[in-house]
Protein chains: 2
Amino acid sequence: MTAAPELSTRSDRAAQIVAVARRILDDEGVEALTMRRVAEAIGVRAPSLYKHFATKRALEAALIEEGMVEMGQVLHDAVSSSPRGGAVRSLLEAYRRAATSRPALYRLATAGPLPREDLPPGLEAWAGEPFIRVTGDPGRAQALFSLAHGLVILELDQRFPPGSDLGRTWEAGAAAFAT
Amino acid sequence: MTAAPELSTRSDRAAQIVAVARRILDDEGVEALTMRRVAEAIGVRAPSLYKHFATKRALEAALIEEGMVEMGQVLHDAVSSSPRGGAVRSLLEAYRRAATSRPALYRLATAGPLPREDLPPGLEAWAGEPFIRVTGDPGRAQALFSLAHGLVILELDQRFPPGSDLGRTWEAGAAAFAT
DNA sequence: TTGGCTGGCTAACGATGTTAGCTATAATGG
DNA sequence: CCATTATAGCTAACATCGTTAGCCAGCCAA
């Protein structure tokens with residue numbers, strides 16, 4: 001219910017860099033996201049990017065911020081419009097769809113430690129709110145988030161044995177947390 | 001209950017390389033695991049390693065195999081010796097302890113796609129068996145595994161907000177899946 | 001006019017995985 | 001017992017990566 005936090009403001013050039021990086025990430029995958037590749041797509045040389053982002057990690061943080069905003073919005077919408085008693089399922093469905101439709105960004109945003117110092121304060125909490133709304137309890141919220149993330153990341157990485165019925169797997173997860 | 005599958009056999013040198021790589025991984029973290037670092041610790045030059053492992057990924061696969069065997073053994077033991085009705089909790093506790101005591105190996109073994117072609121057949125299924133024993137259903141087993149993995153990886157990556165009571169989070173997860 | 005800021009550039013560094021090509025030693029077969 | 005072949009090391013090098021140093025052109029304010 002809380003309003004989305006203030007997002008970072010960027011110069012035109014910086015915004016363009018982020019947009020181009022995002023397109024490369026979505027279209028060509030995470031291994032294509034190199035400073036030289038981003039620079040080339042803009043029509044500039046790699047070292048020039050460092051006039052706008054101190055490090056590749058900082059550029060990634062901008063992408064992570066974008067990903068968290070989109071994901072948070074999707075999840076807030078999902079729980080707001082969920083049918084009576086079906087909030088957990090709506091949340092999990094929305095989570096799965098949002099993550100698998102931008103797999104590289106999801107991975108970038110969730111693998112490894114969060115660069116919290118490069119993210120707007122409050123963003124993390126805001127994006128996680130839907131889990132609290134749906135469970136009513138911080139411990140249960142974090143457990144449900146862990147389940148959702150585990151399901152998504154294992155699905156993206158094809159860690160389930162080939163031929164697994166992932167629909168049943170997600171359903172079993174939802175059933176465990178349904179009220 | 002199934003017996004552990006046959007493991008890979010290696011020459012003395014290959015086994016030594018894996019052992020050294022494992023020590024570096026455990027003691028110095030994943031970013032220290034480079035071909036040159038491993039070679040140096042053995043007293044050899046990096047290109048010589050390629051006489052024993054075709055690629056770094058193949059060496060990592062050997063480490064992943066080791067990790068899956070250790071983890072599988074721990075989980076099998078945990079469900080075998082679990083008190084009546086407490087199998088889910090025993091399994092989750094064992095999973096958490098085994099993963100967090102070798103964080104770099106756990107990450108290596110679970111981040112990104114499995115190099116299935118470099119792993120002994122049956123190992124993956126054997127390591128996952130305890131989840132089926134405890135849930136009685138493949139869908140629920142995969143969901144419980146997803147929860148365990150999500151909890152562990154988010155904990156290792158410090159993705160939970162600082163100050164979180166992870167004990168409560170794990171307990172909430174166990175409660176959702178307890179029979 | 002001058003001085004500094006902005007944002008490009010080239011050249012280069014060090015690290016990484018990996019390959020090519022050479023060589024010494026060990027094993028094997030006639 | 002010698003000849004050959006496989007094993008396992010070596011050096012040199014390559015391409016790619018993030019990143020830094022140092023230079024310079026243009027613009028804007030004092």
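For the numbers below, each heavy atom of this structure counts, side chains included, while hydrogens, waters and symmetry mates do not. Here is the naming used below: chain letters follow the sequence lines, and residue numbers restart at 1 for every chain.
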Can you tabulate the close N/O pairs, meaning under 3.5 Å, that link protein atoms to atoms of nucleotides 27-29 of chain D?
none

Atom pairs, protein N/O to nucleotides 9-17 of chain D N/O, distance under 3.5 Å:
unit_1: dG9(D); atom_1: OP1; unit_2: Arg13(B); atom_2: NE; d: 2.9
unit_1: dG9(D); atom_1: OP1; unit_2: Arg13(B); atom_2: NH2; d: 3.0
unit_1: dG9(D); atom_1: OP2; unit_2: His52(B); atom_2: NE2; d: 2.6
unit_1: dG9(D); atom_1: O6; unit_2: Lys51(B); atom_2: NZ; d: 3.1
unit_1: dC10(D); atom_1: OP2; unit_2: Arg45(B); atom_2: N; d: 2.6
unit_1: dC10(D); atom_1: OP2; unit_2: Ser48(B); atom_2: OG; d: 2.7
unit_1: dT11(D); atom_1: OP2; unit_2: Arg45(B); atom_2: NE; d: 3.3

> In whole angstroms, how far is the P atom of dG22(D) from the OH atom of Tyr50(A)?
Replying inline: 18 Å
>> Run the salt bridge (Lys or Arg N to Asp or Glu O under 4.0 Å) test against Asp137(B) and tell me which residues pass, sequence neighbours left out.
In response: none
>> Could you work out, with salt bridge (Lys or Arg N to Asp or Glu O under 4.0 Å) as the rule, every residue matching Arg97(A), not counting sequence neighbours?
In response: none
> What residues, two or more places apart in sequence or in another chain, satisfy side chain to side chain donor-acceptor pair (under 3.5 Å) together with Gln16(A)?
Replying inline: Arg13(A)
>> If the condition is side-chain contact (heavy atoms from CB on, under 4.5 Å), which residues does Thr110(B) pass it with, not counting sequence neighbours?
In response: Arg159(A), Tyr106(B), His149(B), Ile153(B)
> Considering residues at least two apart in sequence or located in another chain, which fulfil the salt bridge (Lys or Arg N to Asp or Glu O under 4.0 Å) criterion with Arg10(B)?
Replying inline: Glu65(B)
> Contact boundaries of DNA chain C with chain B (under 4.0 Å, heavy atoms), 5' to 3'?
Replying inline: dT16(C) to dT19(C)
> Can you tell me if the side-chain N/O atoms of Thr55(A) get under 4.0 Å from OP1 or OP2 in dG18(D)?
Replying inline: no
> Who are the salt bridge (Lys or Arg N to Asp or Glu O under 4.0 Å) partners of Asp26(A), not counting sequence neighbours?
Replying inline: Arg22(A)
>> Test: salt bridge (Lys or Arg N to Asp or Glu O under 4.0 Å). Region: residues 73-87 of chain B. Which pairs qualify, not counting sequence neighbours?
In response: none
>> Measuring from atom CG of Leu144(B) to atom CD of Gln142(B), what distance do you get when rounded to the nearest 0.5 angstrom?
In response: 11.0 Å
> Listed by chain and number, what are the side chain to side chain donor-acceptor pair (under 3.5 Å) partners of Arg23(B), not counting sequence neighbours?
Replying inline: none
> How would you list all residue pairs meeting salt bridge (Lys or Arg N to Asp or Glu O under 4.0 Å) that involve residues 164-179 of chain A, not counting sequence neighbours?
Replying inline: Arg89(A)-Glu171(A)
